[in-house]
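Heavy-atom basis, side chains included; hydrogens, waters and symmetry copies ignored.
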Amino acid sequence: MVNHLGRIGCISLLLMIAGATPLPAQETPAAKLPPYPLDAVYDGSTIWIVDRNLPGVWKSVDGKLEVAIQGSKQFRQPLNAPRCIALGPDGQLFVGDSATREVYRIGSDGKPEPMTGGAIGIPADLAFGPDGTLYVADLETRFLWKLPKGGTAEKFLDCNPRGVSIDANGNLWIVSQGKDQLLKATPDGKLEVVNSGRPFSFPSQVAVDSQGNAFVADGYTKAIWKTAVGSAPDKVVDGQGLDHPVAVFWREDRLGIVDPRAAKIWGVAADGTLETWIAFPSP
């Protein structure tokens with residue numbers, strides 16, 4: 001009986017006898033994976049979306065979707081597993097990559113420039129403060145990191161973060177995997193609990209409007225919750241084809257939702273109904 005490695009050797013020998021050279025294992029073409037968008041940001045004209053399976057970044061202008069940045073398909077190379085995206089104060093894109101445990105600034109030539117020097121673990125979400133400070137929610141170290149403009153990465157809050165957003169007053173809203181799932185912090189690190197306990201099933205990101213209302217993406221309940229300090233969470237988007245919402249972002253005054261299982265970017269109307277902003281093509 002020939003084992004698996006023996007069969008590979010026999011096949012290689014037969015190919016050589018036939019005059020053909022077998023492909024090295026790393027060069028064998030892989031099956032193309034379906035799109036799996038995980039986060040998005042809007043810059044005033046373009047929606048930028050990170051796709052774990054591309055891997056890389058898409059862009060959409062007026063509904064036209066195209067690949068903007070192709071990441072490496074080789075494991076542990078830049079943008080092999082992009083997970084989150086943010087827009088810097090100068091308009092540059094920043095992408096968090098779990099494969100290399102790094103945050104990259106994307107240059108005008110599309111090349112990724114590492115920002116933290118390998119200090120962080122697994123970046124799950126990114127947000128910029130009004131002073132240009134970059135905040136990184138780190139799943140591995142369970143810290144919220146901050147990277148001051150022109151400075152180096154440093155631990156900021158021990159809060160077991162999964163998502164982070166900045167409101168109009170510069171306060172940080174944090175989706176936590178701790179005993180209280182939604183927190184709020186001042187820029188100097190003073191924490192308060194927005195919703196005590198665990199009212200959500202599997203929250204991942206939060207976006208805050210100008211009135212201080214927080215919208216939380218909850219993948220397990222397939223819903224978007226609305227809440228505020230002192231208010232109980234309430235589902236404002238539920239069902240309607242929503243399958244696994246993992247990220248929320250603002251497109252002007254409209255809330256956008258990233259749904260990897262539906263392979264769509266949804267938009268929320270004023271009445272809470274959903275419309276499709278982007279539908280990703282099948283492989």
Side-chain angles (χ1 to χ4, degrees), residues 39-44 47 84-89 94 124-137 143-146 156-219 221-238 242 245-258 265-274 277:
D39 198 8
V41 67
Y42 179 67
D43 68 3
I47 299 177
C84 48
I85 190 168
L87 192 68
F94 288 73
D125 200 10
L126 309 174
F128 277 92
D131 63 351
T133 296
L134 172 62
Y135 295 91
V136 183
F143 270 86
L144 185 69
W145 292 73
K146 69 176 182 180
F156 177 54
L157 288 173
D158 184 2
C159 57
N160 204 354
R162 187 175 185 86
V164 60
S165 182
I166 311 292
D167 67 18
N169 297 315
N171 296 308
L172 295 90
W173 293 67
I174 302 160
V175 174
S176 173
Q177 299 180 100
K179 66 183 181 69
D180 299 309
Q181 289 178 308
L182 189 59
L183 309 171
K184 183 180 177 183
T186 58
D188 60 358
K190 187 177 297 183
L191 276 171
E192 69 173 306
V193 176
V194 178
N195 298 129
S196 60
R198 303 181 65 80
F200 314 110
S201 292
F202 193 73
S204 51
Q205 277 197 17
V206 58
V208 186
D209 67 15
S210 57
Q211 287 76 48
N213 297 305
F215 297 83
V216 179
D218 188 342
T221 60
K222 303 182 181 183
I224 303 298
W225 299 79
K226 179 181 178 181
T227 189
V229 176
S231 298
D234 179 47
K235 286 182 184 179
V236 290
V237 183
D238 190 12
L242 203 61
V246 298
V248 281
F249 66 101
W250 293 108
R251 181 183 180 182
E252 297 171 347
D253 60 347
R254 299 280 304 278
L255 186 70
I257 305 171
V258 182
I265 307 296
W266 304 94
V268 183
D271 62 359
T273 57
L274 292 179
W277 283 352

Minimal heavy-atom distance between Ala124 and Cys84, with the atoms involved, is O-CB, 3.5 Å
pair Trp250-Asp209: side-chain heavy atoms closer than 4.5 Å: yes
Okay, side chain of Asp39, backbone of Ile85: is any donor-acceptor separation there less than 3.5 Å? yes
Nearest 0.5 Å please: distance from the CH2 atom of Trp225 over to the CG atom of Asp238. 8.5 Å
With rounding to the nearest 0.5 Å, note down the distance linking NZ in Lys190 to CG in Leu157. 12.5 Å
Please confirm whether the backbone N or O of Ser201 pairs with a side-chain atom of Asp218, one donor and one acceptor, at under 3.5 Å? yes
For the atom pair NZ (Lys226) and CZ (Phe215), what is the distance rounded to the nearest 0.5 Å? 5.0 Å
At their closest point, which heavy atom of Ala185 faces which heavy atom of Leu191, and how far apart are they? CB-CD2, 3.7 Å
Can you name the nearest heavy-atom pair linking Arg162 to Gln177, along with the distance? NH1-OE1, 3.6 Å
Which word best sums up how the rings of Phe128 and Phe94 line up, parallel for under 30°, tilted for 30 to 60°, or perpendicular for over 60°? perpendicular
Just so I know, are the side chains of Phe202 and Val246 near enough to count as touching, which here means a heavy-atom distance under 4.5 Å? no
Side chain proximity check, Phe249 to Ile47, heavy atoms < 4.5 angstrom: yes
Has the side chain of Arg254 got a donor or acceptor atom that lies under 3.5 Å from a matching backbone atom of Ala270? no
Before giving the answer on side-chain contact (heavy atoms from CB on, under 4.5 Å), spell out for Lys184 and Asp167 the whole-Å C-alpha distance, their side-chain angles and the decisive distance to 0.1 Å. CA-CA 10 Å; Lys184 183 180 177 183; Asp167 67 18; 4.0 Å; yes
Are Asn195 and Phe200 close enough, and set up right, to give a side-chain contact (heavy atoms from CB on, under 4.5 Å), and what steps lead you there? CA-CA 10 Å; Asn195 298 129; Phe200 314 110; 3.8 Å; yes
Taking the side chain as everything from C-beta on, heavy atoms only, tell me whether Leu182 gets closer than 4.5 Å to Ile174. no
Quick one: does any side-chain atom of Asn169 pair with a main-chain N or O of Asn171 as donor and acceptor, under 3.5 Å? no
Minimal non-hydrogen separation, Pro130 against Ile166, with atom names: CD-CG2, 4.2 Å
Taking ring pair (Phe, Tyr, Trp, His ring centres under 6.0 Å) as the criterion, tell me which of Trp173, Phe156, Trp145 meets it with Tyr135. Phe156
Run the side-chain contact (heavy atoms from CB on, under 4.5 Å) check on Leu183 and Val194 step by step: do they pass? CA-CA 5 Å; Leu183 309 171; Val194 178; 5.7 Å; no
Where is the tightest heavy-atom contact between Pro245 and Ala217, given as atom of each residue plus distance? O-CB, 3.8 Å
Looking at Ala228 and Asn213, what are the two nearest heavy atoms and their distance? CB-OD1, 4.1 Å
Heavy-atom check, side chain of Gln205 versus side chain of Ser165, under 4.5 Å: no
So, the side chain of Asp125 versus the backbone of Val164: is there a donor-acceptor pair under 3.5 Å, distance only? yes
Looking at Val236, Ile257, Ile224, which hits side-chain contact (heavy atoms from CB on, under 4.5 Å) with Val268? Ile257
